[in-house]
Protein chains: 2
Amino acid sequence: MTPTACLLIIGNEILSGRTQDANIRFIATGLAQAGISLEEVRVIPDRARRIIDTVVTCRAQFDHVFTTGGIGPTHDDITAACVAEAIGVPLEIHAETYAKLEAYLGKEKFNKARQRMAWLPRGAIPIENSVSIAPGFTIANVHVMAGVPSIMQSMFNALLPTLKGGAPLCSVAWHADLREGTLAEGLELIQHDFPELDLGSYPFERPDGRKGVSLVAKGYEQDKVAEAGARIYALIDSLGVTPVEGEPAP
Amino acid sequence: MTPTACLLIIGNEILSGRTQDANIRFIATGLAQAGISLEEVRVIPDRARRIIDTVVTCRAQFDHVFTTGGIGPTHDDITAACVAEAIGVPLEIHAETYAKLEAYLGKEKFNKARQRMAWLPRGAIPIENSVSIAPGFTIANVHVMAGVPSIMQSMFNALLPTLKGGAPLCSVAWHADLREGTLAEGLELIQHDFPELDLGSYPFERPDGRKGVSLVAKGYEQDKVAEAGARIYALIDSLGVTPVEGEPAP
């Protein structure tokens, strides 16, 4: 069975429109390749009650919960404390992390605010941060990472090989200068024959204004994906247009 | 009181990593300006049970629910049917929309697949689509829009003036070449004095590698935001660095 996952983006800055999200796609792509099915993403504010309730709900519903944001040195960095409360363990100084941060920053710079980054839920396993040392952590099925994209990526790359996934998500795509309304009935027939796959239809517009559509088949069974791909090819071809493999260049 | 909102992004293509989200920030910014507080975003797959349950949950919890995706002509465009079921009304042909689409597309092109776009929940009010005619719709507190960014934007711009918001979200920002760990204790004191505002600290890195931080105060009371801004200025200044107004150029 493919394990399931939920991603929680913790940050007022996404909800206010200040910041364009730059983490969802990176994590989604990595999980798909690792054979872990990302089933939901939630963006929630830096408010303790909301974080705790959402972690409790989502970790019961999915095999893994990944979080980004809220683990720095400032007052609104409350993710570690909220995850500790959601799991039901105390937050405490993680001696190894404390020593590592003190050595990296120097005693003088390692002030009270920065010491917050050494407090982890009891029993947490640190996730290495090769960019700025302060780690993320895993506790139970919750994986807590930074929100700054370069740091999140460093943590995610360290974490991912430790997780057990299923077969990777496979996909095949064909595109053509046709409109999706023309292909829709044929595509529905193919979806009907491959209930275990997700068949998607994505309209696009080229820089010169010509419109087209990409048809994509996705799933965890490689041979089924290939069969569905052949059916998609035949569908486009039957409408008198030569299908082009893959998706159009952006 | 500021009305609250939740945004549902309906689409496997975001969860699989195929597509970079290009809708959250546009909607978040528009809602903030209109004085509607975006409290949560959820990205969910094109699966009927998930869509129905999420709409039922979120429309009870927030004043408004906005959705994007799943209202085109293909088999995976099931948002209208799911919203009808979540609200408890039948899905039926919307005569005016049917006539408009038929006139726009011509009888021959207006096939069974494209006719799906004229089925709306009973009682729905169409949201105009100036790009490709097939409308979104509002029913009760649920606002259903397309997923293609240009079409979503057309619908959102038509919809927003019809919604009653509170005062717009105000913000003030100062940045400096300091690290957030140095400012964190002072910032926490300011947050303590302005519990009604969100104070955020956002590290950045310039193209030449120099690191800095933006401090941002946000809220719905303009005078409080201005006062907090003055305190942020004084905090950075007290550390011997001249604050620069606004956020750094990306």
Side-chain angles (χ1 to χ4, degrees), chain A residues 7 9 12-21 24-32 37-46 50 72-76 105 109 111-114 116-117 148 150 169 171 179-185 187-188 191-192 198-203 205 216 218 247, chain B residues 7 9 12-21 24-32 37-46 50 72-76 105 109 111-114 116-117 148 150 169 171 179-185 187-188 191-192 198-203 205 216 218 247:
Chain A
L7 168 62
I9 307 273
N12 294 329
E13 70 277 17
I14 307 287
L15 293 170
S16 71
R18 176 192 175 275
T19 303
Q20 166 66 44
D21 163 67
I24 295 175
R25 193 181 190 187
F26 182 88
I27 292 170
T29 305
L31 291 176
S37 174
L38 181 61
E39 298 276 322
E40 184 158 330
V41 179
R42 296 195 190 186
V43 187
I44 59 172
D46 308 319
R50 295 284 301 282
T74 65
H75 65 91
D76 58 346
L105 292 162
K109 271 187 153 179
N111 59 16
K112 210 177 142 199
R114 290 192 175 100
R116 287 170 63 101
M117 298 189 288
V148 174
S150 60
L169 186 65
S171 75
R179 305 303 292 272
E180 64 172 351
T182 309
L183 290 153
E185 287 177 43
L187 190 64
E188 183 166 13
Q191 177 72 78
H192 180 265
D198 279 331
L199 265 62
S201 148
Y202 305 107
E205 189 170 333
V216 181
K218 274 204 170 67
E247 301 218 39
Chain B
L7 168 62
I9 308 274
N12 294 331
E13 69 277 17
I14 307 286
L15 294 171
S16 70
R18 175 193 175 274
T19 303
Q20 166 65 44
D21 164 67
I24 294 175
R25 192 180 191 188
F26 182 89
I27 293 170
T29 305
L31 291 176
S37 175
L38 181 61
E39 299 274 322
E40 185 158 329
V41 179
R42 295 194 191 186
V43 187
I44 58 172
D46 308 320
R50 295 284 302 280
T74 65
H75 65 91
D76 58 346
L105 292 161
K109 271 188 155 178
N111 59 17
K112 210 178 142 197
R114 290 193 174 99
R116 287 170 63 102
M117 299 190 287
V148 175
S150 61
L169 186 65
S171 76
R179 306 304 292 271
E180 64 172 352
T182 309
L183 290 153
E185 287 176 44
L187 190 66
E188 185 165 13
Q191 177 72 77
H192 181 265
D198 280 330
L199 266 62
S201 150
Y202 305 107
E205 190 170 332
V216 181
K218 274 204 171 66
E247 300 218 39

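Here is how names work: the chains are called A, B, and so on, in the same order as the sequence lines, proteins then strands, and each is numbered from 1.
Of the two parts of B:Leu187, the backbone and the side chain both hold a non-hydrogen atom closer than 4.5 Å to a non-hydrogen atom of chain A. Both the backbone and the side chain of A:Leu15 come within contact range of chain B, with heavy atoms under 4.5 Å apart. Of the two parts of B:Gln191, only the side chain, counted from C-beta on, holds a non-hydrogen atom closer than 4.5 Å to a non-hydrogen atom of chain A. For A:Ile14, the parts sitting under 4.5 Å from any heavy atom of chain B are the backbone and the side chain alike. Only the side chain of B:Arg50 has a heavy atom closer than 4.5 Å to any heavy atom of chain A. For a residue to count as touching a neighbouring chain, one of its non-hydrogen atoms must lie under 4.5 Å from one of that chain's; by this rule B:Asp21 touches chain A with backbone and side chain alike.
Residues A:Lys218 and B:Ser16 approach most closely at CE-OG, 3.3 Å, considering heavy atoms.
Of all the listed residues (A:Leu105, A:Thr182, A:Val216), the one sharing the greatest number of non-hydrogen pairs under 4.5 Å with chain B is A:Thr182. When each of B:Gly72, B:Gly30, B:Ser201, B:Pro203 is checked for heavy-atom pairs under 4.5 Å with chain A, B:Ser201 comes out on top. Chosen from B:Leu31, B:Leu38, B:Thr29, the residue pairing most often with chain A at heavy-atom distances under 4.5 Å is B:Leu38. Options B:Ile44, B:Leu7, B:Thr74 differ in how many heavy-atom pairs under 4.5 Å they form with chain A, and the most are formed by B:Thr74. Comparing A:Ser150, A:Pro73, A:Ala184 by how many heavy-atom pairs each has under 4.5 Å with chain B, the most go to A:Pro73. For the options B:Gly200, B:Ala113, B:Ala32, B:Ser171, heavy-atom pairs under 4.5 Å to chain A are most numerous at B:Ala113. Of the listed residues (A:Lys112, A:His192, A:Glu205, A:His75), the one with the most heavy-atom contacts under 4.5 Å to chain B is A:His75.
Distance check: B:Tyr202 OH to A:Asn12 CG gives 5.5 Å after rounding to the nearest 0.5 Å. Note: A:Asp198 CG to B:Arg18 CZ = 12.5 Å, rounded to the nearest 0.5 Å. A distance of 12.5 Å separates CD1 in B:Ile9 from CD in A:Glu40, rounded to the nearest 0.5 Å.
The closest side-chain donor-acceptor pair between A:Arg25 and B:Thr19, if any, does not fall under 3.5 angstrom.
Judged by distance alone, the side chain of B:Asn111 and the main-chain N or O of A:Gly181 form a donor-acceptor pair under 3.5 Å. Under the 3.5 Å distance criterion, the side-chain polar atoms of B:Gln20 are left unmatched by any main-chain donor or acceptor of A:Ile24.
The shortest side-chain heavy-atom distance between A:Asp76 and B:Leu199 does not fall under the 4.5 Å cut-off.
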